[in-house]
Every structure is written in C-alpha cells, then in structure tokens.
Amino acid sequence: MKDITMNHFLDINKIAPTELRKIIDHARQMKDARQGQPKGTMDAEQPLAGHMVALIFEKPSTRTRVSFDVGVRQLGGQTMVLSGADMQLGHGETIADTARVLSRYVDMIMIRTFEEATLLEMAEHADVPVINGLTNRTHPCQIMADIMTFEEHRGPITGKKVVWSGDGNNVFASFAHAAGQFGFDLTFTGPEQLDPEMGFIEEARAKGSNVQIERDPHKAVQGADLVVTDTWVSMHDHPTTRERRHNQLRAYQVNAELMAHANEDALFMHCLPAHRNEEATSEVMDGSNSVIFDEAENRLHAQKAVMRWCLGK
Ligand code: CP
Ligand code: NVA
C-alpha cells in the first residue's frame with residue numbers, strides 16, 4: 001500500500017517553494033557538519049539506516065551515480081546501482097510492473113532515463129519515493145545543487161539575474177522551474193532553433209520571474225550575477241546534430257570576452273561534463289569566478305537533503 005507521507009522528487013516546479021528552501025538549508029547544515037571529515041565517514045545522523053536505494057541509469061553518469069551512492073552510504077543506507085540495459089525494463093517489461101516489483105525490494109528509487117513519461121509512470125506505480133536523476137526534459141537535482149552553490153558564494157538568489165547561454169535543454173528547463181520557485185530572473189541566449197520549450201518560460205513568468213530571450217549574447221549577459229552553459233549536444237541528441245549545433249552555437253561560447261560584459265563578480269556554472277573550449281573556454285572554467293567543482297560537490301549534499309525529504313526524515 002502507498003505511504004501517503006512519502007514524497008517523490010520529480011521536478012522543481014512540483015514542490016512548494018517553502019519545501020525547496022528547507023531542502024537547500026538542510027543540505028547546507030549537513031555539508032557544514034561534515035567539514036574536514038574523510039568522504040567515507042558516516043554522518044552523525046543515520047536516517048537511511050536499514051534503507052535500500054535503487055539507482056537506475058539508462059544513460060551514462062559520473063556525478064549523479066557517485067554522489068547518490070556516496071550520499072546514501074553517508075546517511076547509513078545501502079545502494080544498488082542498476083543499468084537500464086541490463087534490466088528487463090529494456091526488454092519489454094512495463095515500467096508499471098518494474099515499479100511495483102522494485103517497491104517490494106527497495107525503499108527509494110532514483111532513475112536517470114530518456115522520456116519524462118518513464119519517470120512519471122515509475123512514480124505513479126511505485127510504492128516508494130522516486131527521484132528524477134535527469135530526463136530528456138529536466139534535471140532537478142542539478143539545479144538544487146546549483147542554487148545551493150550560488151547562495152554559498154553570493155547569498156540569496158532571489159532577485160538575481162541568471163543568464164543561460166547555449167542550448168535550451170533539460171538543464172535550462174530546471175533553471176526555468178527554479179526561477180519561478182525561488183524568484184530570480186532568467187535570460188536565455190541562444191539561436192532560435194535551440195530555444196527552450198515556451199511552456200517552461202511562460203510558467204516561470206506566471207510566477208513573477210522576469211524571463212527573457214535575447215539573441216545577442218553580449219546584451220544578454222549585461223547585469224548577470226551568474227552565467228551558465230552546458231554541453232551543446234546532450235545525451236539524448238542524435239550525434240549527427242553535432243556539426244550543425246556547433247555552427248549554430250559558436251557565437252554563444254562562454255569565454256573571457258563574454259564574461260567581461262557580465263557583472264564583475266558574476267559566477268560561472270556548468271553542470272559538467274564539459275567539452276572544454278567548445279561551450280566554454282578553459283580560461284573561464286578554471287577562472288576565479290568559476291564554481292563548477294563546488295556545483296559538483298554540492299550534488300552530494302543537496303541530494304542527501306532531497307532523499308531525507310522524500311522519506312520524511
Ligand atoms: N551533471 C551531471 O548530472 O553529471 P553526470 O552526467 O556525470 O551524472
Ligand atoms: N544536457 C546534458 C546534461 C548532462 C548532465 C545531457 O542531458 O546530456
């Protein structure tokens with residue numbers, strides 16, 4: 001039977017802003033409490049003791065895979081990392097049946113998949129919390145870590161200006177969700193052919209966020225507190241799009257010249273993995289305003305808070 005107190009973590013726009021704030025604050029507390037400890041040390045609190053978490057990957061991953069696995073262990077739980085290709089899921093068993101079966105073995109499911117419909121169907125039929133570890137449409141865990149990272153360096157993100165340069169992809173979409181929920185302004189700059197779905201923009205605007213589309217990257221970054229980019233070709237994009245996308249996106253590379261048009265203290269973020277000197281130059285990635293490795297670290301802390309929230313712990 002479904003535990004009605006459990007929470008799925010499917011997308012940032014589906015969770016109340018007060019809850020999102022609690023998750024970020026909790027992540028920071030847990031991070032602070034661990035300062036200086038070896039990574040394998042268990043947290044003082046063990047809310048996942050006795051819990052088994054399935055981590056399902058239908059696409060490659062370094063950060064999501066390792067940070068969830070380490071996070072569960074630090075909280076006292078155990079993990080099972082599963083490749084979608086090796087499961088019956090990839091060979092005709094329905095998602096609904098998979099969700100029902102897994103719910104008999106594990107206490108929580110994190111899934112990285114292609115179609116959003118797979119995630120939603122898993123959540124609908126699972127009796128345990130389901131966490132979105134990236135779909136073709138969104139990447140909410142990444143943006144929770146990014147908000148946490150921004151606030152560690154610059155204080156509250158509310159009212160700040162975030163500029164996304166490049167492809168209007170899944171990571172951008174979760175930034176748009178977050179703009180509406182956390183109340184920051186968001187400008188997308190990229191070619192029209194790679195615009196994000198307008199629905200993401202309209203939803204954030206309806207929540208009061210000033211979301212703009214600006215084709216000129218130099219104009220776009222004016223007044224930016226944070227400049228973000230991501231790979232030009234995502235895992236779900238067909239590899240043959242590579243050459244066309246590179247031509248379309250070259251003008252949107254984040255380099256020192258572009259960053260010079262943003263605020264002097266503007267941070268630079270990239271969820272990684274990056275293609276150095278394509279979407280962003282190494283000069284920017286390794287520069288003093290870049291916080292890319294803090295973002296990667298904060299995946300761990302933010303997701304620990306997400307998992308505790310899912311289980312009401
Ligand atoms: N940023 C991110 O999700 O990285 P991985 O694909 O390595 O998990
Ligand atoms: N937009 C990228 C993000 C990877 C973490 C992708 O979906 O491949």
Side-chain angles (χ1 to χ4, degrees), residues 9-12 27 53-72 79 81-85 109-119 131-150 162 164-178 188 190-191 193-197 200 226 228-242 245-246 248-249 252-254 268-276 278-280 285 290-304 306-307:
F9 188 82
L10 301 180
D11 270 315
I12 289 176
V53 183
L55 307 175
I56 305 174
F57 290 91
E58 295 197 291
K59 290 174 176 169
S61 169
T62 297
R63 279 141 289 270
T64 306
R65 178 181 167 142
V66 178
S67 58
F68 266 104
D69 202 342
V70 170
V72 172
T79 60
V81 181
L82 302 162
S83 145
I109 299 167
M110 190 289 312
I111 180 164
R112 164 168 288 193
T113 187
F114 289 87
E115 301 305 326
E116 181 181 49
T118 306
L119 170 81
I131 298 174
N132 177 358
L134 180 143
T135 70
N136 295 357
R137 277 193 99 212
T138 59
H139 195 6
C141 289
Q142 180 67 52
I143 280 34
M144 293 299 280
D146 291 357
I147 305 279
M148 176 180 172
T149 306
F150 182 89
V162 176
W164 178 279
S165 186
D167 178 25
N169 66 12
N170 46 1
V171 180
F172 173 84
S174 287
F175 257 110
H177 282 159
F188 169 82
Q193 300 90 324
L194 297 174
D195 270 353
E197 280 177 43
F200 292 120
L226 168 63
V228 194
T229 190
D230 186 12
T231 179
W232 287 343
V233 184
S234 283
M235 291 182 274
H236 60 272
D237 291 321
H238 201 278
T240 55
T241 60
R242 187 182 149 83
R245 278 171 176 251
H246 276 239
Q248 288 168 328
L249 285 161
Y252 297 93
Q253 182 192 66
V254 181
F268 170 72
M269 286 192 189
H270 188 312
C271 66
L272 306 179
H275 299 80
R276 283 177 175 261
E278 291 182 8
E279 68 268 14
M285 290 180 64
S290 170
V291 290
I292 56 177
F293 298 112
D294 291 340
E295 287 179 86
E297 176 181 345
N298 285 336
R299 293 291 302 278
L300 169 67
H301 309 295
Q303 289 159 190
K304 284 166 69 180
V306 165
M307 290 189 282

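Each ligand, and each atom within it, is numbered from 1 in the order the structure gives.
The protein heavy-atom contact nearest to atom 6 (O) of ligand 1 is R112 NH1, 2.8 Å. Protein heavy atom nearest atom 2 (C) of ligand 1, with residue, atom name and distance: R299 NH1, 3.3 Å. Looking only at protein heavy atoms, the nearest one to atom 4 (O) of ligand 1 is R63 NE, 2.8 Å.
Where the criterion is an N or O separation shorter than 3.5 Å, residue side chain and backbone included, H236 fails it with respect to ligand 2. Considering backbone and side-chain N/O of Q142, one or more are found under 3.5 Å from N/O of ligand 1. Of the polar atoms of M235, at least one N or O is found under 3.5 Å from an N or O of ligand 2, judged by distance alone.
Between R245 and D237 there is a salt bridge, with a side-chain nitrogen of the basic residue lying less than 4.0 Å from a carboxylate oxygen of the acidic one.
Atom numbering of ligand 1 starts at 1 in the shown order; those under 4.0 Å from a heavy atom of T62 are 5 (P), 7 (O), 8 (O). Heavy-atom contacts of D230 reach the following atoms of ligand 2: 1 (N), 2 (C), 3 (C) (cutoff under 4.0 Å). Near N170, meaning under 4.0 Å from one of its heavy atoms, ligand 2 places the atoms 1 (N), 2 (C), 6 (C), 7 (O). Listed by atom number, the atoms of ligand 1 under 4.0 Å from C271 heavy atoms are 1 (N).
From M144, atom CE reaches atom SG of C141 across 8.5 Å, with rounding to the nearest 0.5 Å. Atom CZ of residue F9 and atom CG of residue L119 lie 11.0 Å apart, to the nearest 0.5 angstrom. L194 CG to D167 CG: the interatomic distance, rounded to the nearest 0.5 Å, is 5.0 Å.
Closest heavy-atom contact between N170 and H236: ND2-CE1, 4.1 Å.
Side-chain contact check for T118 versus T135: every heavy-atom pair is 4.5 Å or farther apart.
In this structure, R276 places its CZ atom where more than 12 heavy-atom neighbours from other residues, nucleotides or ligands lie under 6.0 Å away.
L272 counts as a contact of ligand 1, since one of its heavy atoms falls under 4.0 Å from the ligand.
Residue S67 is tested with R299, H301, Q303, E297 for a side-chain hydrogen bond (donor to acceptor under 3.5 Å, both in side chains); the sole match is Q303.
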